[in-house]
Structures are given as structure tokens and as C-alpha cells.
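The structure presented is a predicted model; accordingly, all values stated were derived computationally and were not measured. Reminder, nothing fancy here: chain letters follow the sequence lines and each chain counts from 1.
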Amino acid sequence: MIAVAPTELRLIDIPLREVVELVRIDLPMDQMEPLLERGVLPGCQICPVHRSPSGDPIVMVEGTLLAIRREVAKCLCVRRSGSNAA
Amino acid sequence: MANSTAPSCHPDQGGSVALLDENGDAKPLVALVGPPNAGKSTLFNQLTGLRQKVANYPGVTVEKHVGTTILPDHRTLELVDLPGVNGFSARSLDERVTRDVLEGRVEGLRAPDALVLIVDSTRLETQLMLVEPVLELGIPTLLVLNMADELEQRGGAVRDDILAERLGVDVVRTNARLGEGLDEVRHFLVGVADRGPLPPRPCPALSNVPRGTPLPMVDQFAVRRRHIAEIGRAAGFVPPSPSRLTERLDSVFLHRIWGPLIFLVVVVLVFQSIFTWASPAMDAVQGVVAWSGGWLGRLLPDSWIRSLLIDGVWAGVGSVVVFLPQILILFLFLGVLEDSGYMARAAVIADRMMYRVGLQGRAFLPLLSGYACAIPAILAARTVEDERDRLATIFVTPFMTCSARLPVYALLIAAFIPERPILGPFLGTRAATLLGLYALGALIAIATAAVLRRTLLRGKRSSFFMELPPYRIPSGRSILLRLYDRSRIFLRRAGTTILAVAVILWALTQVPQINGAPPSIDDSLLGRLGQTIEPVIRPLGFDWTIGVGLISSLAAREVIVGTLGTLYGVEDPTQGSLQLQEALKSHLDLGAAVGLLVFFAFALQCTSTIAVMRRETAGWKWPILQFSYMLVLAYGFSFLANWLV
């Protein structure tokens, strides 16, 4: 298991328009698979482009717009481009 | 690659040679596969036009679209349009059906002899994640790069010759909406026809993840993704810049304030136009029904045949056909909203509320289409991936006020609610009562879903995420074809179920004959049956005629209107709807009328819904539970209404 660093960034913390790299998906397998199929894989670039009226992030991944519940966005570990701290 | 235990692509059982040409030879079958929103159905419609039919796959309610395409040399091919999928993990019904068809495991449908894999070029790399499992089937495949023009307009690029070489398949570019590139697709189909059906062969099982290496799933997807990226690099794939139009529209439609406001306006607009736009067309249909009935009545001598045709068939079937315009307007709106890309945004806006109830945003569309009819709505719930979510959604769908309730509501409200203005000319007591009944249905649906998700269908709140397709101008041809489909399905039901009920009811009012003449309605077999059940419904303030109406409305809710018309007017078949209202007043008081309205709001008076629920949930448990629950609610609240008013 990978230890969770206290300063670890989650997708939910990323401001609009900042491009980040996905590091890990902390979801059970059956919930993770639909994301994997759509190219949401560790190493891919994610950019929040909108917020839904209720505050859930809408992100651009690999040219596809995905609306993600914030409960899911909290489970996506990301890192800012340029930082290689992992 | 194929192992020996794999199922045969050509099972012996189940009429696997269903598709024969005029000489009795099997026609080659081509399946259209691809992710959702890639333009699959548009291409299918372009290739088949009206030569298509919609049915259900055996055992599930996923719609099966099969059509015939005519090649330039007049030979024909069978085409099947599969549901859009992103993978083959068989989480949703759609994925299961797609996998079963491709593996040749669906009864009555041979394994396809060729595949057309359609992808959205603007999202080429992720869409190609499907390519590997599909190619592993070993079936000749054409890769269609749809919307390639859009890719280039937005500054992207790809070399299809290199893509073809690296993947080992033919590649063509299309714009399915405009019909561009269809000749190249037909060229591939000619090749399939030349070759004829493939011989029976074992078919490798489809899987989402590459076989052979027992890597964890994330790594397996990562391996595949790297492979696709490498092919993309070799083929010079340049991703397009983001669509400016989509970005601008989203900043309005998903705006914190404007978003929900526009959403509300759209819902009200759809709702309002179902009533306002439809009424001229409904009047026209009603006019045709009345005119043709009158014409037939004058043509036929006074006999039992005339009585059967006019009092039975015309009254019964005619009362239902009148609602076709409403249903078409609803499906026109749903089609435009869905194909333009707005429906996905509406689902995002509705998602938070649905989340509190315990449902998915994706359940919003099925529930909305429940306003037309619960049956397509229950079919539409197949897009809800989580099984508990799907069950909860289809369980509450029949509470949404379907169009079959409308004639019942309209009749009772006109008879019992006096028209008085509430908000000047904008809202009167009658319209308010109608709106109240719609709201009542929606509220009880939401409350029931919330209870279900905390009791019988307790489970994790599923991780909702949804793909938002770019905004596009809907294809008129696609939408018209869907409306045509819906009309056919609707009219077929009117011509079968409702026709049968009308004939049976009419027959029951005609026996036992006294001296060769039909009995009075009270002495008829129907009357006696009605009087036997009367004690059950007496506490609600209903007499036996209403009881017979309720029983006949099990076939379809609107049948009660025709039934009461027959019962109250058997002596005078020329009566109009005004007399029916007057007759109702002598059978019901205000309390019982409100009770009857509430009864219809809650009860599951629809055998077709019950049948679809049984197929959809693969058993009787859910439909029985649903029927009993809704009946208890209907009886209870109806009793309460009768007692209070």
C-alpha cells in the first residue's frame, strides 16, 4: 500500500483551469473501472474547467468533459505539473 | 487466442438463422459498435432509413435495433445497432447485451460477420480503448472515424492510413450527421456481402482487460492506454483544441444562477407545450375518429356488428389514439435535448437533488420521460449503471404522471372542479388541480426512492460521473425516425391491447341475452361482476360502475374513460363527453371524485408496465411489491380523500 502523505493533493482542491497529473484513484475496483475505461488513468492530465451549480467539478480529461461528484473528486490524488515529489 | 471452452459464435438453438434473404440464404450480419455519443445510431439511421425495426433482446428490455441496408448493387445486408459502451465489463445491461451479441450468445441473432466500430475522432485516443478487445474477436472490422471534419476544424489531425496499418483494419472518415463518407462504409459492406456469412466458429470471450498477464487492473488499462498512445503518435494524432462553443455554452448552462433557471424554464416549456401545442393536433385526431365512427355508423345496418364497432372498438381505440400528438411532442423535445447535448447538463444540474434522495443524476432522464409513459422510461433506466440505483429508479417511475392518466384527470376535473381564476388569467382552479396531481406523483416518487435507498435497496451511494458530449446541432432525420418508431409502437398497442379490452367489455355488456336482445346494463354479466366487487370499493365512495372502470383500466389507465362511456351510455350511444360528465355526477360525489383522482395518481393500473418490470427485474418479486405498494397507497389516500372532502 502507498502511504498517504499529509500534504497530498486531491482533485477537489485544484482551482479552475489548472492542469494536474493524476497519481492514484482511491476507489474500489468496481467504481474505478468506468473511470479507467474513459482514460482516467494514473499519469493522465486533468483540468477542472467548470463547477456545476451545486459545486461539483467538471473536468477535461483526454479531450473528454466529465462531470464528477465531489465525493469522487476527493478520491482522486493528483500532483501539480513540475513537482515530482512522489 | 481462442480457447476451447469459448462459446460457439453460432449456437444451434434459438432460431439462429432468423435472418434469411428471399432465397432462404442467410444474409450477412454487420454489428455497429462504439462508445456512447460517437454517432453510431446516426450512421445506422443513414444506412437503414425506414428499413429498421425495434424489438427487445430476449430476457432484457434493452432495445434491439435491427435494420436492412441496400447496397449499390441491390444486395441487402442485415445491420444491428448495439448500445453505446465504453467497455465490456458487463456492469450495465447495455454492456452485457453488447458483449453477448458480439460473442454470438443472443438467441435468434447470429454472431456478426463483420463489425463497424465508430469512434468520435475528436476524442480518438480514449475512444480507441475499445479497439483492442473488439479486434481480439477476430471478426473483420471497419474503423469509422466519425466527425473527422470537426477534429480538423479544431486544429487536430490524424493519418488514417497509418492508423489502418498499425491496427490492421480498414479505416474510413465520416460525418454521419451530414451523410459524408457513407460510400466508403458501403464499399466495406459490399466486401462483406461478397464474402458471405462467416462459417460457424468459436468466439473468444470479450473482456475489458487484456488477457494473459495477471497484472492489477489499473496496470492493464495503463498498458493498453500506452499502446494506443503509441499508435496515436505514429499516426500523427494531434488532439483538437477544446470546442469554444461548448465552453461558452457551458459557462451559461452550468452557471450557478442561470444554469438552474434555464433548466427550470426548459422543464416548464416541455411540460407546457405537451398541453398547448398538442391540443390542435388532438382535436384533429378526435375529429377524424368521430367523423369516421359516424360515417361507419351510417354505413352499417343496425346490428350487433355496428354496436361492436361503434360502441366497442371506435370508443375504446379512438379514445387512446387521440393522445398520439402529446406523445410525439414529448419525444420530439427529449430527442432535441438529448442529441444537442443539453440533457447531460440537465442531469448534472439535477444530480445533487437526486443524490440527496439516493439516486443518480442519470436517473433524471428516465423519470422525466415517465411523464409520457412509464414503459420507455423504464427502458431508459438501463443507462443507470448501479443495479440498486436502477431498481429504485424503475420502482418509482410509474408514479410520474404518464400521459395515460391525462384523459382520466381531464374528465374528472372538468366534471367536478368549477373553474375560478387563482392568478388572474394565468392559472385557474382546474389547471392548478392538474398541476397539483402532477406534483403529487413526483413527490411520492421522490419520497419512495428515498425510503427504498435506505431500506430494501440500501447500498453505497454510487460514484456518479458523467460524460458531457460537445454541443451539436441535432440531426432532423434521426429525430424524425425516432418519432416514427414511437408512433408505430404506440399505435400497435392501441390496435392490440386496447382493442381487445374494448371488444371483451362490449361482449360482457351484451350477455345474457333476453329474448334475443341485450340485457340492461345492471343485469348484464359485466353488471353482475361489478356488483360482486362493489363492497371492496364502497368505502372509497365508488359504485360498481367505477369498479368495472378500475378493473378495465388495468389494461391501460385511459380505458376507464371508454368503459364509463359505454356503461353510462349503452342506451344512448350517440352521447357526447358532456353527457358523460353529467352521468358521472350522478355516480360520484365530490369526495369520491377527489378520491378517484388520487387513486389514479398512485395506483399501478397498467399491465404493460408490470410486464416490463418483470422482464427488467428478471422475476415477479419487484413487480408484485410495486403493484401492492402502489395499490395500498392508492386505496389509503383515496379513502382519506373521500373521508376528508
Side-chain angles (χ1 to χ4, degrees), chain A residues 1-2 10-12 14-19 21-78 86, chain B residues 35 85-89 91-92 120 122-127 129-130 156 208-209 216-222 224-226 228 239-240 242-243 246-247 250-251 254-260 263 344-345 347-349 351-353 355 361 385-386 460-470:
Chain A
M1 286 301 292
I2 307 156
R10 304 283 168 154
L11 183 63
I12 190 83
I14 303 301
L16 288 185
R17 316 242 151 244
E18 184 181 340
V19 181
E21 185 190 323
L22 183 65
V23 178
R24 203 174 71 241
I25 305 174
D26 290 337
L27 280 172
M29 205 50 102
D30 59 320
Q31 291 187 35
M32 181 161 40
E33 199 176 353
L35 286 168
L36 299 178
E37 284 169 3
R38 287 163 175 88
V40 184
L41 284 159
C44 76
Q45 310 273 302
I46 301 188
C47 174
V49 288
H50 292 287
R51 294 239 182 269
S52 81
S54 47
D56 295 299
I58 290 157
V59 299
M60 179 67 88
V61 190
E62 306 258 359
T64 301
L65 269 182
L66 286 181
I68 296 183
R69 272 185 181 161
R70 51 177 173 269
E71 289 78 8
V72 177
K74 280 179 194 154
C75 301
L76 302 182
C77 296
V78 295
Chain B
V85 292
N86 284 299
F88 300 104
S89 54
R91 267 185 321 271
S92 70
D120 175 352
T122 63
R123 296 180 284 158
L124 191 65
E125 290 198 324
T126 44
Q127 304 246 308
M129 297 282 276
L130 264 185
N208 223 12
V209 286
M217 188 161 49
V218 179
D219 296 328
Q220 298 196 2
F221 273 99
R224 181 181 293 167
R225 183 70 188 82
R226 268 200 297 278
I228 295 296
S243 159
T246 294
E247 223 161 276
D250 270 342
S251 58
L254 293 172
H255 188 270
R256 272 190 51 160
I257 294 151
W258 298 122
F263 171 76
R345 276 72 182 181
V348 168
I349 290 170
D351 180 58
R352 228 353 97 173
M353 190 191 77
Y355 178 79
E385 278 176 0
D386 183 85
K460 290 187 303 283
R461 296 197 175 184
S462 60
S463 62
F464 173 72
F465 69 91
M466 209 167 117
E467 216 173 290
L468 303 182

Could you state the interatomic distance from OG1 (B:T126) to CD (A:E62), rounded to the nearest 0.5 Å?
6.0 Å
Ion pair present between A:R38 and B:E125, side-chain N to carboxylate O less than 4.0 angstrom?
no
Step by step, work out the side chain to side chain contact (heavy atoms under 4.5 Å, CB included) result for B:L468 and A:L66.
CA-CA 6 Å; B:L468 303 182; A:L66 286 181; over 6 Å; no
Within the structure provided, determine whether A:D56 and B:R352 are in side-chain contact (heavy-atom separation under 4.5 Å).
yes
So which part of A:R70 gets closer than 4.5 Å to some heavy atom of chain B, the side chain, the backbone, both or neither?
both
Taking it one step at a time, do A:R51 and B:R256 satisfy side chain to side chain contact (heavy atoms under 4.5 Å, CB included)?
CA-CA 8 Å; A:R51 294 239 182 269; B:R256 272 190 51 160; over 6 Å; no
Where B:A222 and A:L41 come nearest, the two heavy atoms and their spacing
N-CD2, 3.9 Å
Which heavy-atom pair separates A:E71 from B:Y355 by the least distance, and what is that distance?
OE2-OH, 3.3 Å
Non-hydrogen atoms of B:V218 and A:L36 that approach each other most closely
CA-CD1, 4.2 Å
B:Q127 portion near chain A, given a 4.5 angstrom heavy-atom threshold:
neither
Proximity breakdown for B:T246 and chain A, heavy-atom pairs closer than 4.5 Å
side chain
Looking at every heavy atom in both A:P53 and B:H255, which two are closest together, and how far apart are they?
CG-O, 3.6 Å
Nearest 0.5 Å, what's the CG-OG distance between B:L254 and A:S54?
10.0 Å
Examine whether an atom of A:I58 lies under 4.5 Å from a heavy atom of chain B, and if so say whether it belongs to the side chain, the backbone or both; otherwise answer neither.
side chain
Which atoms of A:P42 are under 4.5 Å from chain B, going by heavy atoms: the side chain, the backbone, both sets, or neither?
side chain
Nearest heavy-atom approach of A:L65 to B:R345 is CD1-NH2, 3.9 Å
Quick one: what part of A:M29 sits under 4.5 Å from any heavy atom of chain B, side chain, backbone, both or neither?
both
Heavy-atom proximity to chain A below 4.5 Å, by part of B:E467
both
Do A:R69 and B:D351 come close enough that some side-chain heavy atom pair is under 4.5 Å?
yes
Please determine whether a side-chain nitrogen of the Lys or Arg among A:E37 and B:R225 lies less than 4.0 Å from a carboxylate oxygen of the Asp or Glu.
no
